[in-house]
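Below, read A as the first sequence line, B as the second, and so on, with proteins coming before strands; counting in each chain starts at 1. These numbers were taken from a predicted model, which means no experiment stands behind them.
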Number of protein chains: 2
Amino acid sequence: MTPQTDEGALVDDIAARIRARIMDGELPIGKPLRQAALAAEFGVSRTPVREALRQLQNGGLIEMQPHRGAVVRVPAPWEVRQAYEVRAELEALAARRAAARITDSQLAELRRHNDVLRAAAGAGAAGTPDTTQANDCFHTVVCQAADNPWLSRMIDRINESFPRNVSSLALAGDERHRQLNVRQHDAVVAALTDRDEDRAQEAMREHVISAGEHLTAWYERRSQTVFHG
Amino acid sequence: MTPQTDEGALVDDIAARIRARIMDGELPIGKPLRQAALAAEFGVSRTPVREALRQLQNGGLIEMQPHRGAVVRVPAPWEVRQAYEVRAELEALAARRAAARITDSQLAELRRHNDVLRAAAGAGAAGTPDTTQANDCFHTVVCQAADNPWLSRMIDRINESFPRNVSSLALAGDERHRQLNVRQHDAVVAALTDRDEDRAQEAMREHVISAGEHLTAWYERRSQTVFHG
DNA sequence: TTCATCGACATTGGATCCATTTACAGACTA
DNA sequence: TAGTCTGTAAATGGATCCAATGTCGATGAA
């Protein structure tokens with residue numbers, strides 16, 4: 001009954017589950033996290049929960065104040081801009097490397113993911129799990145093609161610091177930006193298809209910066225989806 | 001007696017202390033870490049030690065196998081190259097941002113740190129704590145001038161994954177590379193002084209890539225400073 | 001009525017305890 | 001003599017226990 005994924009990973013499993021809840025928005029940013037409640041919910045003792053929270057704190061997803069508990073971190077708008085500037089640089093590097101390495105099947109995969117987004121953008125159906133996943137997969141495939149685990153890991157670390165649902169919500173309400181998003185993806189795919197390193201790098205950088213600005217603006221406008229206790 | 005730095009940070013304090021031991025080479029890579037021994041050494045129970053180890057594992061500095069203990073991680077040579085490629089991109093970005101923001105006093109500080117390295121290179125005294133620290137400070141100042149905490153944090157994360165003493169040892173034996181190092185630092189400082197973003201970015205990228213290649217080569221040659229149990 | 005102080009409650013953090021798993025050593029057999 | 005099997009010791013991981021700290025409410029005084 002104990003083994004979830006592979007034995008000996010109970011703590012990491014707990015951490016992953018809590019992270020998933022936060023990323024999906026089930027635990028809104030600003031919400032306090034009670035160790036006892038989480039422990040009861042997962043049917044384990046408080047010890048692994050505490051360690052898991054510590055890991056999430058280390059990752060920057062939550063904040064822990066001594067003797068005062070943990071809350072899902074609320075990023076400041078300027079932090080979003082800063083983080084996306086870094087992410088842009090990293091993903092741009094990934095795109096550059098990918099241009100020299102990507103396979104035809106990976107290119108096809110990219111087009112498929114972007115077609116999902118294109119269809120959703122036309123139908124006004126953004127913010128669904130499908131589109132969120134398609135977006136994630138697009139970037140993941142580029143990272144894989146870049147063939148540098150360290151690079152992928154760094155990018156993951158940044159993404160894991162901002163609840164995914166918030167990014168989706170930011171896109172959900174803006175039809176123009178969604179279409180821009182798809183066009184920018186097209187530009188990246190085109191550059192990758194041509195195996196043009198410089199263009200791929202620049203297209204990806206522009207795309208991520210643009211997404212970052214959009215998300216920053218959203219954060220500035222709206223402190224919604226924040227828990228008010 | 002309990003309060004080390006600030007109360008409530010005992011676990012983080014333990015993590016920092018263990019990390020410091022590894023970074024200084026006191027705990028060589030490959031060495032198994034016993035929780036009980038560390039706990040006794042720090043005069044605490046095993047609980048905070050375990051959490052600290054988990055954090056270090058998360059950071060990539062150590063490896064933990066279930067029920068088999070933790071060992072200081074031995075990076076593979078290709079990993080070093082991959083990581084430094086990422087680091088080069090990030091530090092290059094830092095240099096670009098710094099070019100537009102750095103103050104005269106920070107520039108003076110950079111020159112001062114590099115002068116320490118220059119003197120040491122001439123005297124054949126590399127690998128000392130002084131030179132190691134001067135090197136660290138040089139890059140830290142550039143990061144600070146870049147004024148992007150996220151960027152600094154990402155760079156730190158990479159650096160914290162490779163014991164500092166190993167990097168120093170790689171430099172220690174190579175007079176030519178030490179001098180190259182100083183010249184590359186000079187180039188960075190010159191570009192920053194001119195507030196030339198492009199040149200600063202490129203100079204820093206070249207410097208870090210070159211350091212990465214050197215360190216990779218060292219790792220390939222020598223699996224010394226590795227614990228053999 | 002309002003503010004301050006005191007006390008009970010809830011929650012976290014560290015220590016200790018116990019079960020599980022692995023490694024090692026010695027003995028037994030082929 | 002070599003290989004295998006088993007029993008014991010040690011180390012990890014999780015659960016539970018206890019102390020320390022912060023929060024909230026009640027009571028009393030201005």
Measure up the His207(B) and His139(B) rings against each other and bin them: parallel (under 30°), tilted (30 to 60°), perpendicular (over 60°).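 Rings of His207(B) and His139(B): parallel, under 30°.
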[X] has a side chain; which of [options] sits nearest to it?
X        : options                   : value
Arg54(B) : dT12(D), dG14(D), dT11(C) : dG14(D)
His67(A) : dA15(D), dG13(C), dT12(D) : dG13(C)
Gln35(B) : dA23(C), dG14(D), dG13(D) : dG13(D)
Thr47(A) : dT12(D), dG13(C), dA15(D) : dA15(D)
Val44(B) : dA15(C), dA11(D), dA23(C) : dA15(C)

Protein-nucleotide distance ([X], atom [atom1]; [N], atom [atom2]), rounded to Å:
X        : N       : atom1 : atom2 : value
Met64(B) : dG14(D) : CE    : P     : 10 Å
Asp13(A) : dG14(D) : CG    : P     : 11 Å
Asp12(B) : dG14(C) : CG    : P     : 9 Å
Gln57(A) : dT12(C) : CD    : P     : 14 Å
Gln65(B) : dG13(D) : CD    : P     : 11 Å
Arg34(A) : dT23(D) : CZ    : C1'   : 10 Å
Glu51(A) : dT12(D) : CD    : C1'   : 11 Å

Does Leu33(B) reach a base, just sugar-phosphate, or nothing at all? Heavy atoms under 4.0 Å.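 Sugar-phosphate contact only.
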Does Arg46(A) make a side-chain donor-acceptor contact with the base of dG13(C), cut-off 3.5 Å?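 Checked by distance alone, the answer is yes.
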Please state whether the base of dG14(D) and the side chain of Arg50(B) form at least one donor-acceptor pair under 3.5 Å?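 In this structure, the two groups form a donor-acceptor pair.
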With heavy-atom distances below 4.5 Å as the criterion, would you say the side chains of Asn135(A) and His185(A) are in contact?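 Yes, at least one pair of side-chain atoms sits under 4.5 Å.
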For dT23(D), take OP1 and OP2 only and decide whether either is under 4.0 Å from a side-chain N or O of Arg68(A).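 Yes, such a contact exists.
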Give a yes/no on whether any side-chain N or O of Ser45(B) is located under 4.0 angstrom from OP1 or OP2 of dA15(C).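 Yes, such a contact exists.
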Salt-bridged, Asp174(A) to Arg178(A), with N to O below 4.0 Å?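 Here Asp174(A) does not pair with Arg178(A) in a salt bridge, since their nearest N and O are not under 4.0 Å apart.
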Carboxylate-amine/guanidinium proximity below 4.0 Å for Glu160(A) and Arg153(A):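 Not counted as a salt bridge, because no side-chain N and carboxylate O are separated by less than 4.0 Å.
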Selection residues 80-94 of chain A - residue pairs positive for salt bridge (charged side-chain N to carboxylate O under 4.0 Å, His left out), sequence neighbours left out: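 Non-adjacent pairs meeting salt bridge (charged side-chain N to carboxylate O under 4.0 Å, His left out): Arg81(A)-Glu213(A), Glu85(A)-Arg97(B), Arg87(A)-Glu91(A), Glu89(A)-Arg205(A).
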